[in-house]
Amino acid sequence: MKRGRSVLNSKCPIFPYHEKPGKRHKPSFALSPPTDWGNLPYCIVLQIFQHLSLVDRARSSSVCRCWNDVFHMPDLWRRFEFELNQPATSYLRSTHPDLIQQIIKKHAQHLQYVSFKVDSSTESAEAACDILSQLVNCTIKTLGLISTARSSFMDVSQAHFVSALTVVFVNSKSLSSIKIDDTPVDDPSLKVLVANNSDTLKLLKMSSCPHVSPAGILCVADQCHGLRELALNYHLLSDELLLALSSEKHVHLEHLRIDVVSENPGQTHFHTIKRNSWEALVRHSPKVNIVMYFFLYEEEFGPFFCEETPVTHLYFGRAVSKEMLGRIGLNCPRLVELVVCANGLNPLDEELIRIAKRCKSLTAIGLGECEVTCSGFVEFVKTCGGRLTQLSIMEEVLIPDNRYNMEQIHSEVSKHLGRLWFPDMMPTW
Amino acid sequence: MAPNSIHWFRKGLRLHDNPALREAVRGAGTVRCVYFLDPWFAGSSNVGVNRWRFLLQCLEDLDASLRKLNSRLFVIRGQPANVFPRLFKEWKISRLTFEYDSEPFGKERDAAIKKLAMEAGVEVIVKISHTLYDLDKIIELNGGQPPLTYKRFQTLISRLDPPEMPVETLSDALMGGCVTPVSEDHGEKYGVPSLEELGFDTEGLPSAVWPGGETEALTRIERHLERKAWVANFERPRMNANSLLASPTGLSPYLRFGCLSCRLFYFKLTDLYRKVKKNSSPPLSLYGQLLWREFFYTAATNNPRFDKMEGNPICVRIPWDKNPEALAKWAEAKTGFPWIDAIMTQLRQEGWIHHLARHAVACFLTRGDLWISWEEGMKVFEELLLDADWSVNAGSWMWLSCSSFFQQFFHCYCPVGFGRRTDPNGDFIRRYLPVLRGFPAKYIYDPWNAPESVQAAAKCIIGVHYPKPMVHHAEASRLNIERMKQIYQQLSRYRGLGEEMNSGL
């Protein structure tokens, strides 16, 4: 971890943080020989240690008593990332079990910004839960549970997970940022979270948490008036939730992320959110970013964007129909970023040009596996002009026509953007 | 005293445009062309039967062409470092020639051989002809580092002089007074082995879809150019169902083994373009296939760990999952996704798949669905793919898994949709997965969604006659997009799409 440089001042403690009886160090500015590294002032060693990786710090701590003391100073334990990997399932190493034990014993109360990165094995997720259960005397502000491959937290028994998580919820009382995507967190645990941290909670990311219900998340919105960032799945979104987030007592919402994921075609039915609810949200929080990730089949888009929707960032992970893109041009005036992973073999010229004209805040677009004629694309770029800071178009998307071929397109587009531009390429061997 | 030469074939398995071979015969008394078959290599499990067969056909072709010049190919069992000293003595060699190999392992091997040669008083002549350019010059022009974006590479190329012209094909005239002493038992001692002799069971092996050899390569390039001229359109051809099938004008395996000179291809393309378009300057995109190859060779030449994630300065460390079962399903075409399985079946049966098909299966294995390391995919391609040599294979896998070269990762190929858009009728699937022939086009890409009656009519119950899909694609891709974002947000230079504010952790 890195900290900015701090000026060495005369108040720098020379003695170790925890006084040991009878132990004194002589001030090392004075007469120590220059090679006596063991007698540097602790605050200097601390500054140096703050620039070292954990591994290097741990090695340094074995050098002498002084350095070992510094290694255990609270400042170095505010932030920690537990990496839990098994050799059978990961190429990466794990945080050493001895170090984990030391942290639990000596530093639980110092931890403030904590994350757990686990691989695809259930063992690793369970180990994370075991550590969580032991963080009893903690004052954690930020907590992240991150599965780096599969969602292994979902394989842990729900009871085990929930009881471990609520240890932190109950004891911290000052949680401000929580990331628990892809975990078996449930409504009762959210109640515990709210009961203990409603004043401090600012960020909650819980995409793909299947055991939470709309009522559960509504409870969070109702009580945690400082909530600024929220990430959840569409099935948890409700008119009541949007209204709760827009109540007078609530701070301005900055960021709302919604994942819309389908099981199999035609099996999930998506409810609609009333236009009034969206309007209330935007009235209350005019600068809010509303980010929607869609992983649906083409025929499932019916309920979306039939009316004006204040979405700002749209990501389509699968194919999205031409018709849907047409609706977006009509009904998404706040759109800032659009990513289309796939569409089909009919040119999207009309839809794109409409988006350029009506989505006046659009600054980023990505297109893959779809088709746009070169002329249509030039028209699109001309209409957007220099406000397009991100233009990521796969080379195959552009279809040469009688006005432009592939060589000309890049200079034409570069001209209208005011900077050098090329399409994205993939190896063709 | 006229020198006795050895020309050492490794790649560059051709008599046309082979400057090193020309140096071997120039003013020489005798010349012997050798190829080493390392016994360890023959038994290596990581070279499949199609690659072996292609190589043996190349060697047969070389031998046949050399016979016409009263010479022969000498196939030698053993490792060069062990055998060369004996050959230098036995044949009284004073000159050794070979084509430059830019790959790190090749450079190391060649440095050792040069040392041996020097100690034996043998002159060594090395010529560049496997790549269009001298790769070290490209690196020098870029300040000592290989370019890591294709655009940068193209910019550098456009500043270089054009590639050197291909040199004359070896002929009787060029041989001059140079001869090859051939013994009675040449066939036994130095003949090209058969697949059976190498330990392969060839019963029931279908005939090669891609026949090896320089003769075949030169026929193909003429056909390739004829087709381009007939189409009179040098734009990138639109992808359709037919593009997926092996083409009689496909050239990539021949370029890889060096049966076809890349410089010859380059100049023939240039000539044809000028003739048809009456235009003097062809665009760089005309040489796309050749330049991508060149790009990866350049990126790899000074990086011995180019094919690894750990310790590779240009590869992002991604927490891939170790999952041998899942990997095996992918490699053996048992994923339950017909599009993926058909491609992997074609790969194993024939040794070549279309580049978009490669993108599809590579994406599926790595950042799209299975989240398995690209190194594993690379090893499978190495075994099965005829045109996959070290630099190009590793480079492409890193590119497609978003491990390097700053590729935007937002675009993920859908294992159902992509195939359906490319070949709506599903003929490709039916051809390579006959068990699915009975499915109508509506369901052939996602047969698990077909009603039981349709499955019964197709005489193929999903889960019984054909596997169920091994992942839920929407879930997998959602998860993996998040994983990629986590990694890239840790790199300060990342600026990507779908970027969100990320306060807190």
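Each chain gets a letter, A, B and so on, in the order the sequences are listed, and its residues count up from 1. Since this is a predicted model, take the numbers as computed values, not measurements.
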Within-4.5 Å side-chain heavy-atom neighbours: [X] and [Y]:
X      : Y      : value
B/E475 : A/V261 : yes
B/M398 : B/W374 : yes
A/I140 : A/Q112 : no

Is chain A contacted by the side chain of [X], its backbone, both, or neither, given a heavy-atom distance below 4.5 Å?
X      : answer
B/W371 : side chain
B/R317 : side chain
B/L290 : neither
B/D321 : both
B/Y413 : both
B/R421 : both

Should the pair A/F294 and A/F316 be assigned to parallel (<30°), tilted (30 to 60°) or perpendicular (>60°) ring geometry?
parallel

Does the plane of the ring in B/Y150 sit parallel, tilted or perpendicular to the ring in B/F153? Use 30° and 60° as the thresholds.
parallel

Examine whether an atom of [X] lies under 4.5 Å from a heavy atom of chain B, and if so say whether it belongs to the side chain, the backbone or both; otherwise answer neither.
X      : value
A/D181 : neither
A/N85  : neither
A/S147 : both

Best-contacting candidate, A/A88, A/S207, A/G317, against chain B by heavy atom pairs under 4.5 angstrom:
A/A88

Heavy-atom pairs under 4.5 Å with chain B - which of A/S120, A/A149, A/A342, A/S176 has more of them than the others?
A/A149

Do you see a donor-acceptor pair shorter than 3.5 Å between the side chains of A/S411 and A/S414?
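A/S414 and A/S411 do not have a side-chain donor-acceptor pair below 3.5 Å.
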
Assess the side chains of A/T95 and A/E83: does a donor N or O sit below 3.5 Å from an acceptor N or O?
no

Test: A/R79 cationic atom under 6.0 Å from A/Y113 six-membered ring centre, within 45° of axis:
yes

